[in-house]
Amino acid sequence: MALDKVNNQKYQMLTREELINIQNNLSRDLIITDLFAKPIRKIGAVDLSFIKDHVIAAYVCVNYENFEIIEKKTALTRLDFPYWPGFLWFREGPPIVKIIKSLDVLPDVFMINAHGLAHPRRFGCASHVGVKIQNPTIGIAGSKLFGEVIKIPRKFGDAEPLKSNHETIGYIIKPKIGQPIYVSPGHMISLESTVKITINCLRNHRLPEPLYLSHRLAESRKIIHSMS
DNA sequence: GCGACAG
DNA sequence: ATCTTGTCGC
């Protein structure tokens, strides 16, 4: 296989089988244990908004103690791969990695708006980003992609496991507002810490605060771009 | 063939 | 994700 083309991010040239090979090969480097600095001081989040064939990546870093904003950043990137369930990395990974690599200071953990372990090959976009940048990531999604729901959490802060072959691959967590969210380890973090950190970041929105803030930043940048 | 299907 | 006004609920 032409690895040079893969590194050039010409993913659209590859077959489904080749894309799966990329995921399976890289997933051998996945680490599902806590490898981040404790106690956590800074937590960052990346979310995207879309304008036709371009994507705005927004990064927000907050103080883990009081959620005060430490840093904000956005970047515009051209899209070259379609949305395809199970292959989100090939569309959203490049812009996410691009903005993270532009940072001078990294947070202790990144929150990514995607699944991590809770993926058909246990290597969702949040995990793929983590392995690529070699930093801790948590995957947080608004709906399920893969896994067996045992029970739906009903009360704020409740967490129910998401399973696959009797193994827990993520958790379903009930926020104060709205439907439950699906969380799973991205990279360099355990299931337990994934759940604990997510619940700690839940405030008065459906998404945990860092992701909520980056989502709003991405949306606000979109309005500015459409005017200029 | 049918249903499921992150953003 | 996105197209979209007023409207229901916390």
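Every chain is numbered from 1, with letters handed out A, B, ... down the list of sequences. Fair warning: this is a prediction, and the values are worked out from it, not measured in the lab.
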Closest approach of Thr74(A) and Ile56(A), non-hydrogen atoms and distance?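 Distance-wise, the nearest heavy atoms are CB-CG2, 4.4 Å.
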For dT2(C) and Lys222(A) - does any side-chain N or O of the residue sit under 4.0 Å from the phosphate oxygens OP1/OP2?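 Yes, such a contact exists.
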[N] [atom2] sits how many Å from [X] [atom1], rounded?
X         : N      : atom1 : atom2 : value
Glu92(A)  : dG7(B) : CD    : P     : 9 Å
Leu145(A) : dG3(B) : CG    : P     : 19 Å
Arg121(A) : dC5(B) : CZ    : C1'   : 12 Å
His119(A) : dA4(B) : NE2   : P     : 19 Å
Phe123(A) : dA6(B) : CZ    : C1'   : 15 Å
Glu219(A) : dT2(C) : CD    : C1'   : 10 Å
Arg16(A)  : dC5(B) : CZ    : P     : 16 Å
Phe81(A)  : dA1(C) : CZ    : P     : 19 Å

Indicate, with a heavy-atom threshold strictly under 4.0 Å, whether [X] touches base, sugar-phosphate, or nothing.
X         : value
Phe50(A)  : sugar-phosphate
Asn204(A) : nothing
Phe90(A)  : nothing
Lys144(A) : sugar-phosphate
Gly139(A) : nothing

Pi-cation contact, Tyr59(A) with Lys73(A) (under 6.0 Å, within 45°):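 No, cation not above the ring by the 6.0 Å, 45° rule.
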Report yes or no: is the cationic atom of Arg121(A) (NZ for Lys, CZ for Arg) closer than 6.0 Å to the six-membered ring centre of Phe87(A), at no more than 45° off its axis?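 Yes, a cation-pi geometry.
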Does the side chain of Ser49(A) pick up a donor-acceptor pair with the side chain of Lys222(A) at under 3.5 Å?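 The criterion, which ignores hydrogens and geometry beyond distance, is not satisfied for Lys222(A) and Ser49(A).
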Counting C-beta onward and ignoring hydrogens, is there a side-chain heavy-atom pair between Asp104(A) and Glu71(A) closer than 4.5 Å?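 Side chain of Asp104(A) against side chain of Glu71(A), heavy atoms only: no contact under 4.5 Å found.
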Look at the side chain of Ser49(A) and decide which nucleotide, out of dT2(C), dA6(B), dG7(B), has an atom nearest to it.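 Nearest to the side chain of Ser49(A) among the choices is dT2(C).
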Assign each of His215(A) and Ile177(A) to its nearest nucleotide of DNA chain C by heavy atoms, then name whichever residue's nucleotide is nearer the 5' end.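 In this pair, the answer is His215(A).
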